[in-house]
Each structure stands twice: as C-alpha cells, then as structure tokens.
Amino acid sequence: MRKRMTRGLALMMTAAMVGSMAAGCGAKNEGGQTQTTAKAESSTTAAGAKAPEAGSAPAETEPALEGSLVSAEPKEFTIFLNFNNMPFDSNWQVWQEIAKRTNVSLKGTTSLTNSNEEEAFNLMLSSGQLADIIGYVKSSDLEQLGRDGGLIPLNDLIDQYAPNIKRVMEEDDRFRQAAYSLDGNIYYIPKNQELLSAEYWWIRQDWLDKLGLEVPTTVDELHDVLYAFRNEDPNGNGIKDEVPLFDRAGWKQPEEYLYLWDTSTTFYPRDGKMTFEPLEENFKIGVTNLIKWYEEGILDPEFFTRGASGRDTLLSGDLGGCTHDWVSTGNYNKTLADVIPGFNMVPFTPPADHNGVVKERVSRYPGVGWGISSMCEDPVTVIKFMDFFFSEEGDALVNWGIEGDTYTVNADGTKQFTEKVLNSELTPIGYLRSIGAQYRIGMCQDGEYERAVMTEVALEASKMYDSHPEWFGEDMPPYADGELELKYTEEDDTEYKNLMASIQPYVEQQFQSWILGVEDFETGYDAFVEELKARGIDRALEINQKAYDTYLGKN
Ligand code: CA
C-alpha cells in the first residue's frame with residue numbers, strides 16, 4: 001500500500017494547490033491517503049452509531065410524493081463517512097438543502113475531529129454498531145463487509161426503487177462492473193465520473209522555442225528533445241543544471257516512463273491475455289533505454305526519491321523540462337509568470353512508442369461510494385434517497401452546490417460557478433467541499449464541474465485527451481496508479497496478495513538497481529526471471545487471468 005498512499009498524497013497536494021480535476025476523481029486518488037499525514041488521533045466517538053428511528057417500510061403502493069421528496073414525513077439516518085478525513089457533517093449547507101428537498105437527513109457517526117478514516121471504520125466494525133449508511137475508501141473492504149453480512153445486497157432494491165441508478169447501471173459498463181461484487185451482489189453504489197483522462201504529457205514550450213525544436217511526437221523524438229534540454233542550456237544560466245524529465249512521487253516514475261515503451265513493472269492485459277510485463281520483450285527495451293536516459297542525464301538523478309514537492313521545486317527553479325502529471329501542471333504558467341518570464345508549460349499528445357502506437361495508460365475509473373448496512377431498518381427509503389443523487393436535481397446539488405449562491409445557470413442550460421466559489425480563499429474545490437458538495441458518495445462526478453474550475457491550458461489538456469478515447473485502450477479493467485484493480489474471489493484474493501507481497505518489492509528493487517547502475521541489467525535478467533518463477537509469478541498470472549476473464553464476462 002505504500003505506493004498507493006504516496007501517490008495519493010501527491011494527488012491530494014495537487015487538489016489542495018489548484019483545486020483542479022485531480023480532486024475527488026474516484027477512489028484511486030481520494031480518501032484514506034491522508035492517513036499518511038494524519039495524526040493518529042484517538043477517536044472515542046466513532047461507535048456512536050445508533051439505530052434509525054423505527055420507520056415502517058412503506059408499502060409499494062404509497063401515493064406519489066411531491067417534487068423530490070423520498071419520504072412523506074422527515075426521516076433521519078445515520079451515516080459513517082469520512083472522506084479525506086472530513087467526517088460527514090449534517091450542518092453542511094448542501095446537505096441541509098438535500099434534507100429540505102428529500103425529507104431525509106443524515107447524521108454522521110464519526111466525530112468531526114476524527115482524522116483517521118481507517119481507525120474509525122475498524123472501531124465501528126468492532127463495536128458491532130453499524131451506521132445505516134456506510135461509505136469507505138477501500139472497495140474491497142466494503143465488499144468484504146457485504147460478504148460478512150454487514151452490508152445488504154442492493155440488487156433488488158435498485159431494481160424496484162432506484163430508476164436513475166438502474167439506468168446508469170444499464171448504460172455504463174464501467175459503473176456496473178465497479179458496482180458488482182464477484183458473488184453477484186451489489187454492496188455499494190459507486191461514485192462515477194464523466195472525465196476519462198487523468199494525467200497528461202507536459203513540456204516547456206518556451207524551451208522548445210528557444211532551441212528551435214518541435215513538440216516531440218515519438219519516443220525517439222522525445223529523447224532528442226530532452227537530450228537538447230540537458231545539453232543546450234535552455235534556461236540560459238550557463239550551467240548544465242536542467243532536469244529534462246521528472247515526476248513527483250519517486251515510486252511512480254519507473255511506471256510512468258516505462259509506458260513510453262509500452263511496458264511496466266507489473267501486470268497488463270493485451271488481447272484478452274494477462275501478462276506480467278517484466279517477463280515480456282518490451283520490458284527489456286524499456287529498461288535498456290531508461291538506463292541510457294539516466295546515464296545521459298535526461299532522467300532526474302533523484303529519480304527514485306523525488307517527493308511530492310518535486311514538481312514545485314523543479315519548475316519554480318526553472319530546471320524541469322517535461323513531465324506526466326495532472327492538469328494542475330498548467331497552473332504554473334500563472335504562478336511563475338513573474339518569476340520566469342515566458343514560462344510556458346503546454347500539454348502534448350502521448351509520444352508514440354517504439355512500435356508507433358500512441359497510448360495513454362493513466363485514466364480514471366468509477367470509485368467507491370456508499371452502501372446500506374444490515375442494521376438499517378428502512379432500506380427502501382435509503383435506496384430512494386441514494387437514487388436522488390443520480391437525478392438531475394440531486395446531481396446538481398452535489399456537483400455544483402446551491403443555485404444562485406455557488407452557481408448560476410446560463411440561458412443555454414450550462415452552469416457556471418459564482419465568484420464566491422471561483423475566488424474563494426479555499427480554492428474552488430476547497431470551497432465546494434466546505435459546504436458538503438463533491439463528497440465521496442454514490443453519484444456521478446460531473447465533467448463540466450471540473451472543467452469550470454480549470455485554467456485555460458488545463459482545459460486544453462483535458463479536451464485534447466478526452467477527445468481521443470482510442471488512446472486509452474479497449475477492454476481495460478481499472479488500472480489505477482499503475483496497478484490493476486480486478487475483482488477476486490475471497491480465496492484468490494488471499495493467495496494473490498501473498499504472492500505479490502514477495503514478487504512486487506523484488507521487481508521494484510531490481511529495477512532500481514539496474515537504473516542506478518548498481519547491477520547490470522543484461523547479465524542479470526535471466527536470473528531475475530528465474531527468481532520470479534521461484535516466487536510464484538506463474539500462479540499470480542493464472543489468478544489474474546481468471547480475474548480478467550471474469551471482468552470480460554468470460555466466466
Ligand atoms: Ca542551464
């Protein structure tokens with residue numbers, strides 16, 4: 001989990017810094033990651049869940065309710081949710097409005113001072129007192145809770161009472177796949193998202209101009225441009241101090257830059273077949289090239305240790321030339337305008353790999369949302385309430401906030417945020433979250449909302465990548481932060497985790513020692529493969545193939 005958390009922290013910082021699309025985009029980049037920085041504050045209140053007011057289950061023939069009401073009389077349910085260590089707060093403006101419109105209000109069971117989602121979750125489980133509604137950062141833990149009887153299957157409830165959720169299930173394969181557990185049950189309503197792209201290639205256009213170079217379109221052209229960045233002093237200080245290719249979060253760099261040769265240090269499916277890429281030919285090509293790039297000074301010498309602040313350091317120091325990162329990278333054009341005259345970071349098409357293929361591996365997937373616990377006495381009302389968020393009205397509330405206050409609707413039906421949001425001291429996303437919008441619930445994250453808070457160049461990046469779905473590959477299961485997120489049966493899950501606990505660290509350690517020149521890649525590769533076999537890579541592949549077949553609907 002180290003990897004996930006480190007990257008998560010980097011993404012958190014992106015969000016905090018510019019309030020751009022990095023924020024709140026699915027389970028892979030939100031939530032529990034702040035645990036890495038959160039103080040282990042002891043919570044004494046998480047067990048405060050209490051059973052709901054005993055509401056009689058409404059008859060199916062009850063008269064239609066007015067407007068968006070989901071209950072004739074006011075009802076209150078308890079909720080466990082602590083998104084990004086922001087415990088649910090019933091005083092949030094948006095949720096007050098939701099209660100007014102639906103007649104359903106929620107009461108958080110986590111103390112507002114709680115800063116450790118995982119701890120609070122475990123405390124709730126051990127207390128035996130489950131909130132009526134439960135959301136949590138890890139989908140596999142929610143599914144586990146479902147299998148253990150703590151969450152009820154929602155399949156029939158959705159079918160009978162949630163037409164909006166049902167529609168999205170039918171229309172959106174990725175949403176449906178995220179929702180279903182392998183036992184056939186739906187234990188939680190996912191948080192869906194419209195935007196596909198997540199990270200983008202960025203390069204210093206002003207450096208290209210200075211050296212009379214074009215934006216690179218292939219991996220070889222990229223090499224030549226970065227080589228020139230390193231050797232021709234584009235920052236003009238007479239010192240060979242440029243760091244042509246860099247990334248925040250050191251662990252991620254190997255993954256992202258091996259993609260240039262269509263390989264990685266982990267699993268990846270092709271044409272229905274699961275592969276472990278270090279065993280494939282492309283891996284040898286990729287590693288050999290990266291070793292060369294490292295020797296040539298093209299790669300950041302702090303390759304493996306550059307932390308989350310690396311982008312800040314290298315761009316504001318007029319040192320970094322090219323990176324692969326979120327839209328927030330475009331923000332430096334504004335913040336550094338006075339410090340580095342002409343500074344201009346622009347997005348560009350992923351460079352074609354050595355086979356001429358343009359591909360972008362990093363993208364977004366539906367993430368975790370919320371489910372209904374077995375202690376909830378009125379699941380019918382709750383599922384109707386959950387359905388509200390997939391209606392136009394509910395969707396607007398949780399994405400945009402309050403009409404007339406945080407956003408306005410234009411004549412053509414499009415929305416725009418008010419100055420209150422756009423010029424908030426908290427950043428737009430920060431402000432929206434402070435009133436309870438953009439929380440981690442079962443909903444659809446509106447792409448227009450994200451675009452509405454992007455800078456011009458960020459918008460350009462987002463549009464460029466989202467208009468090329470073919471770059472993102474077909475039949476791709478969730479591939480978040482360089483790791484496949486397939487669903488496993490309970491037995492397979494345990495065996496797979498055990499195997500990978502031995503395999504993955506070994507691969508990472510070998511990769512690092514090859515790049516840094518500690519060990520020789522060419523002479524060491526065969527022994528590396530032998531060691532992988534000894535550690536059970538074939539069995540891990542088999543399990544992943546089965547899980548992928550399930551994903552493809554073959555099982
Ligand atoms: Ca220089």
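Each ligand, and each atom within it, is numbered from 1 in the order the structure gives. All values derive from a computational prediction rather than experimental measurement.
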*Within a reach of under 6.0 Å around OH of Tyr294, are more than 12 heavy atoms found that belong to other residues, nucleotides or ligands?*
yes
*asked:* Does Glu522 have more than 12 heavy atoms from other residues, nucleotides or ligands lying within 6.0 Å of its CD?
replied: no
_How large, to 10°, is the angle at the Ca ion (ligand 1) when you draw lines to O on Ile239 and to OD1 on Asn237?_
80°
*In degrees, rounded to 10 degrees, what angle do Asn235 atom OD1 and Glu242 atom OE2 make at the Ca ion (ligand 1)?*
70°
*Indicate, with yes or no, if the rings of Phe528 and Trp514 have centres closer together than 6.0 Å.*
yes
_Tell me which N, O or S atom from Asp241 is the closest to the Ca ion (ligand 1)._
OD1
*asked:* For the Ca ion (ligand 1), give me the closest N/O/S atom belonging to Asp233, just the atom name.
replied: OD1
*Got a second to check how far Gln193's CD is from Cys444's SG, nearest 0.5 Å?*
8.0 Å
